[in-house]
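Start at 1 and go down the list; that is how both ligands and their atoms are numbered.
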Amino acid sequence: MDACKTPPPSSGPPTPPLVKSVLQDAEQTRLAIEMIGLGARLQVLESEVSLPRVRLIRLYKELCGVSPPKGMLPFSTDWFVTWRPNAHASMLLNAYRFMRRDGGLDGIRAVLAGYRMYREQVCVTGAAAELSFTRAWTLVRFHESGMLQLARCKCCRGNYVVHAHDQRRQYVCRLCMPPARAGKGRKRALAGAAG
Ligand SMILES: [Zn+2]
């Protein structure tokens, strides 16, 4: 009955892999809070914030009152080129690129600023924001990895999200040529609409 051989319990969680300064730690915590406030999923936080997963989960629980949802991010590139979401995706991507080009921001900072700008624009029109922050972040990832790009509509001169393999020359957006009027034969303009 010698039950006294167990080592003394450790006094806390294991040391995080990255030793950072207090200021960096505070900055990363603020970033996480900002992202959680906009509705970011845990996978997004893990990709962008250099804090241990356990701390991100604790932060999420404290701020939202519930555990973060489990499972993979469900989005594919097709969603962003379907009729209604495409207008929103295009607004977001234009805002993101504006923040990079003229705002001097990059990475997650450009995504956050672009997302806020998108929400303000949508708010002015009185519509609801179709893109959650996590969807917006996913869209930027697809764009940065070359899977989605912007094409300029030859009618309204606006820039719209299209698949990387879609024809960009002579492109007509769905606001100028909505699917209902486009007819069955217009495959090119409707590519991906079934997504
Ligand atoms: Zn157009």
Please list, chain by chain and in numerical order, all residues satisfying ring pair (Phe, Tyr, Trp, His ring centres under 6.0 Å) with F133, sequence neighbours excluded.
Y115
Sequence-distant partners of H143, ring pair (Phe, Tyr, Trp, His ring centres under 6.0 Å), two or more places apart:
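Listed in chain order: nothing, the list is empty.
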For R84, look at atom CZ and say whether over 12 heavy atoms of other residues, nucleotides or ligands are found less than 6.0 Å away.
no
With sequence neighbours excluded, what pairs up with E144 under the side-chain hydrogen bond (donor to acceptor under 3.5 Å, both in side chains) test?
Y96, R100
With a 4.5 Å limit on heavy-atom distance, are the side chains of V162 and N86 in contact?
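Answer no - side chains too far apart.
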pair L175-Y160: side-chain heavy atoms closer than 4.5 Å:
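Yes, their side chains come closer than 4.5 Å.
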Sort by chain and number the protein N/O/S atoms found under 2.8 Å from the Zn ion (ligand 1).
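Under 2.8 Å from the Zn ion (ligand 1) - ignoring waters, which are not counted - the protein N, O or S atoms are C153 SG, C156 SG, C173 SG, C176 SG.
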